[in-house]
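Counting from 1, the numbers follow the sequence of the chain as shown.
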Amino acid sequence: MSPPRRSSTPRLAERLLRRAWPGSDSIVLIGDLDEEYSLHILPRRGLLKARLWYWRQVLLSLPVAAVRRLDQRRQKSPRKDRLRPKQGGLNMDPLLQDLHYALRGLAHRPGLSLVVILTLALGIGAGTAIFSVVNAVVLDELPYQRPDDLIRLMPDQAFPIGKAAALYLQEHSKSFEMAAWGRSLFPLSGQGEPEDARGAVVFDNHFSVLGAPPALGRGFLPADAQPGAAKVAILSHELWVRRFGSDPSIVGRSILIGDAPHQVAGVMGADHQPIEEDWLLWVPADREPQSHLAMAANGRLRAGFTIAQAEQELKRLLPQFWKESRGYQATAEDLSALRVVPLRNWILGDHEAWLMALLGAVVFVLLIVCANVANLLLALGNSRRQEMGVRLALGAARGRLIRQLLTESALLGIVGGAAGLLAAAWAVGAGVALLPPQIPRSHNIQIDAAVLGFGLTVSLVSALLFGIAPALRCTSRSITWQINSAARTLTSSAKRLRFNQGLVAAEVALSVVLVAGAGLMLRSLWALQQVDPGFNPQGVVIMRPAPPRSRYPNQESVYEYYRQASRAINRIPQVREVGQIQFLPMTSGGWWASYRRAGHTLPAGQDPPSTSLRVVSPRYFAALQVSLLKGRTFTDRDNLQAQQVAVVNRTLARQGWPGEDPVGQSLLLGRDDPFQVTVVGVVEDVRQSSLRTESHPEAYLPFAQQFWPRMYYAVRVDGPAEEMVSAVQDAIWSVDRQVSLSGVGLLEDAVNRTFADSRFLAVLLSVFGMVALLLGAVGVYGVMFYLVSQRTRELGIRIALGAASRHLLGSTVIRGMIPVLLGLAAGLPGALACASLLGEALFQVTATDPATYLAVPLLLSAVAVLALYLPARRASRVDPVMVLRGE
């Protein structure tokens, strides 16, 4: 019969309690809780807080209820089954006893258990999340057949290979089979809105060399590359799903790419990884060697050949082709640029180094977590010495006690690991979208079997690391010492104290490494954000139309299209300036040419310097707010009927006319057939490729004098730029709906993408650094609290003999700072060694930056002093009467 209900106790909580507790225990417990709730809690705290109190008591009682039910089952089982297992079987009775004891112990210490579990969840969750990234990006093999045989030729992007050279290598190479490709934009129209799809023009053996056949249809055939062959294309799985609705009948159908219909030959599978992440379709390259298409080259080593042999053959064949085709003798610099590397290394680039550095940071965090939890368990073990002594005196084997304590640690590790895996799953789900877009293979990041195995292994290893020392120490002394040490100890064991202090020193040393790395990255990020790009990216909408050649066959029609599109954009009330350029800052692409001053000849054998050429409209400089230093910019009068002019940047003006005014001077552009322009103005340097790259010589040419078929729009608007993207897009499409657009977005986002890697690394290291600071502070506090508890009697006697409280406070803090200072001394050399792993991620900051290595010890020391203050203050306020009375 259940007790009569008092008013307003939570019914659901009461039902849960009745189901969880066995038999009459639930009646007694519910009656006690009901009485306490109604008579004391509800009148003092109010209804809401009283109900929360009731729920808390119920939840805290559940582990104890589970142990009680386990006891009842064990008591009902036959004695002989528990003491005598079947021959050859595993006796589970001691393990169940250890588990029962561990559950009961954790239930009796919910506060400590919760702190330990949360600490483990923090470290294991961070480690598992980062490992999921490293596993997907670095450790997993490339999804191709025999990926270790795949190579990348001439990996320097500034040194592409032409189609003729690629065909020559494909025909003459013996050590590798070569497949070349060239990036391209493919205007898609017909079905859905027009768009520019990024992809590649590839040799017909591209997919066979990779060992990646299409999931639907077929790959390219040699016949597809022959003159007059029907045009074909292969779609990526993403494009097939998004644009064509996963239509399985798409194979064999015709789609419009640019001006020409292409038959869909195949569709790649969802697991196919393109050579470059953003490729959406492929078309075969023809066999015309006179094409000027810039190509890159992948290959597969043939059986019995190595990368070194392939590189040696490349350095022999390519100079031979240069000499035969155009009489060019390769220089030592040319040969040094010819390299062969594993395709995996080229795809990963610098990301592998800093991802492994992040994994190293996670290992440091896990070590700090283990040291912290070990300190907490050591403090707990000190309070259980008398219990262990009594059990040893009653005949318990030391090995059995160690096993029981390790079972507690393992249970904490498993629960903490489960919580960490849940946190990691949430972090991976929420954080993949925040990864820098440059990280390759990021779409593969997930919590898979390998990641789960990593989390489980880390949980168990962590449990062993933080549990073994407390278990050994708690059972290490004699029975008499164990029993008497809790009652009479004037000072704590020096060896025991040194061990605790050693753990704190290790925590501080590891924290120094993490905080120093975070400090270096934050300083680098700050330096990057302070770089003046030479233009103002805020409030600028960008996009790039692709007028199809079928409707715009000549220069006049293209010029007219852009004029009409510019007028349509200018009609938007919020638009302030409309500019155009063929290669927008912070985007790929470039056009280089040799230059020299008119009337000046170079010494024999000296190559002329090079400059970047940018074709721009008259209002481009105003749209990006590029500063004019001298002269003027372009006007509408700078057309084909006027004198050819140019605007140069500060670097070209300084290098071309040192100490002179370049305005009005003549400049020859090009090497074999140069054309002459007159410099009419000088503008500020603009960082074109990234904020990390210094400005180089640049000459700007007017769009009306130097035709370029595809131009970016840079539109400066009033108000939030993101709200104007669709308006600018609609204005362009109002001229011709069939014109595809690419690069639609904000210039500010393009700038931010150039240092997304640095920002991501800085944020993660900062998080790890803050976690290390917090855990280090908790560790220092825990050891200090333990030290004070050990010295309570000593401090009481000193106060009784007249010691001043402020002296005790100061001496306690100084004593606690000793392991902190030792950790700082040990951590600084480690931080210097690990900082070199950050490598190219640092910007305008050296790995030995004095400011960082001065600030980090000061910060950690300040945190340590704060963590020491509360226990030290408690030590200085010991009541000697209470201490001596306890004796």
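- Nearest heavy atoms, Val251 versus Gly266: CG2-CA, 4.4 Å.
- Across every non-hydrogen atom of Val682 and Leu628, the tightest pair is O-CD1, 3.4 Å.
- Considering only residues two or more places apart in sequence or on other chains, Pro214 meets the side chain to side chain contact (heavy atoms under 4.5 Å, CB included) condition with Ile234, Met268.
- For the residue pair Gln263 / Ser254, no side-chain donor-acceptor distance below 3.5 Å is found, with atom types taken as modelled.
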Could you walk me through whether Leu142 and Ile347 pass side chain to side chain contact (heavy atoms under 4.5 Å, CB included), step by step?
CA-CA 10 Å; Leu142 297 178; Ile347 290 177; 4.1 Å; yes
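- Side-chain atoms of Asp278 never come within 3.5 Å of backbone atoms of Arg198 as a donor-acceptor pair (strictly under, hydrogens ignored).
- Checked by atom type and distance alone, the side chain of Asp685 pairs as donor or acceptor with a backbone atom of Arg650 at under 3.5 Å.
- Counting only heavy atoms from C-beta outward, the side chains of Met543 and Ile732 approach each other to under 4.5 Å.
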Worked verdict on Leu239 versus Leu188 for side chain to side chain contact (heavy atoms under 4.5 Å, CB included):
CA-CA 11 Å; Leu239 186 65; Leu188 296 178; 4.0 Å; yes
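- Remark: Asp636 pairs with no residue by the salt bridge (Lys or Arg N to Asp or Glu O under 4.0 Å) rule, at least two apart or across chains.
- No more than 12 heavy-atom neighbours from other residues, nucleotides or ligands sit within 6.0 angstrom of CZ on Arg637.
- No donor-acceptor pair under 3.5 Å is formed between the side chain of His172 and the backbone N or O of Gln170.
- When side chains are defined from C-beta on, Arg687 does not count as touching Arg692, because their heavy atoms never get closer than 4.5 Å.
- Rounded to the nearest 0.5 angstrom, Leu652 CG and Asn649 CG are separated by 6.0 Å.
- Inspection of the Tyr700 and Glu698 side chains reveals an N or O donor paired with an N or O acceptor under 3.5 Å.
- No side-chain heavy atom of Trp279 sits less than 4.5 Å from a side-chain heavy atom of Gln273.
- Screening Tyr713, Tyr559, Tyr712 for a ring-ring contact (aromatic ring centres under 6.0 Å, His included) with Phe703, the sole residue that qualifies is Tyr559.
- Remark: side-chain polar atoms of Gln705 are paired, donor with acceptor, to backbone N or O of Asn639 under 3.5 angstrom.
- Arg597 contributes atom CZ, which lies 9.5 Å from atom CG of Leu667 (distance to the nearest 0.5 angstrom).
- Here the side chain of Asn205 pairs no donor or acceptor atom with the backbone of Ser208 at under 3.5 angstrom.
- Residues Val575 and Arg716 fail the side-chain proximity criterion, which asks for heavy atoms closer than 4.5 Å.
- Listed for the Thr611 side chain is a donor-acceptor partner under 3.5 Å among the backbone atoms of Pro697.
- In terms of heavy-atom proximity, Asn298 sits nearest to Leu153 at C-CD1, 4.2 Å.
- Put simply, the side chain of Thr693 never gets that close to the backbone of Ser689: no donor and acceptor are under 3.5 Å apart.
- Side-chain atoms of Val283 and Val201, non-hydrogen and from C-beta on, do get closer than 4.5 Å to each other.
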Under 3.5 Å, which donor-acceptor pairs do the side chains of residues 615-623 form with other protein atoms, sequence neighbours left out?
| from | atom 1 | to | atom 2 | distance (Å) |
| --- | --- | --- | --- | --- |
| Ser617 | OG | Gln580 | N | 2.8 |
| Arg619 | NE | Glu577 | OE1 | 3.0 |
| Arg619 | NH2 | Glu577 | OE1 | 3.2 |
| Arg619 | NH2 | Glu577 | OE2 | 2.8 |

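- Distance check: Leu318 CG to Ser173 OG gives 11.5 Å after rounding to the nearest 0.5 Å.
- Closest approach of Trp733 and Pro194 over heavy atoms only: CZ2-O, 3.7 Å.
- Side chain of Asn752 to main chain of Glu748: a donor-acceptor pair is present (N/O by atom type, distance under 3.5 Å, no hydrogens or angles).
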Go through the steps to decide whether Ile572 and Val728 satisfy the test side chain to side chain contact (heavy atoms under 4.5 Å, CB included), and finish with yes or no.
CA-CA 8 Å; Ile572 302 174; Val728 175; 4.3 Å; yes
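- Checked against a 6.0 Å centroid threshold, the rings of Trp282 and Phe207 count as neighbours.
- Listed by chain and residue number, nothing satisfies the side-chain hydrogen bond (donor to acceptor under 3.5 Å, both in side chains) test with Tyr562 (two or more places apart in sequence, or in another chain).
- Put simply, the side chain of Asp224 never gets that close to the backbone of Lys231: no donor and acceptor are under 3.5 Å apart.
- Put simply, OG on Ser594 and CG on Leu668 are 11.0 Å apart, with the number rounded to the nearest 0.5 Å.
- The shortest distance between side-chain heavy atoms of Glu276 and Arg183 falls below 4.5 Å.
- The closest side-chain donor-acceptor pair between Asn554 and Ser557 falls under 3.5 angstrom.
- Rounding to the nearest 0.5 Å places CZ of Arg300 at 7.5 Å from CG of Leu210.
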For Leu691 and Val751: C-alpha separation, side-chain torsions, deciding distance, then whether side chain to side chain contact (heavy atoms under 4.5 Å, CB included) applies.
CA-CA 8 Å; Leu691 295 180; Val751 174; 4.1 Å; yes
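- Two residues are said to be in side-chain contact when any heavy atoms from C-beta on lie closer than 4.5 Å; Trp708 and Val558 fail this criterion.
- Closest of all the heavy-atom pairs between Val531 and Pro533 is O-CD, 3.2 Å.
- Looking at every heavy atom in both residues, Thr678 comes nearest to Ser666 through OG1-OG, 4.3 Å.
- Comment: Asp247 engages Arg253 in a salt bridge, judged by a side-chain N to carboxylate O separation of less than 4.0 angstrom.
- At least one side-chain heavy atom of Val264 sits under 4.5 Å from a side-chain heavy atom of Ile255.
- The list of salt bridge (Lys or Arg N to Asp or Glu O under 4.0 Å) pairs with a residue in residues 536-562, not counting sequence neighbours, reads Arg551-Asp736, Glu560-Arg563.
- Going from atom CD of Gln688 over to atom CG of Leu584 covers 8.5 Å, rounded to the nearest 0.5 Å.
- For the pair Trp181 (side chain) and Met295 (backbone), a donor-acceptor distance under 3.5 Å is absent.
- Remark: Glu238 pairs with Ser236, Arg242, Leu280 by the side chain to side chain contact (heavy atoms under 4.5 Å, CB included) rule, at least two apart or across chains.
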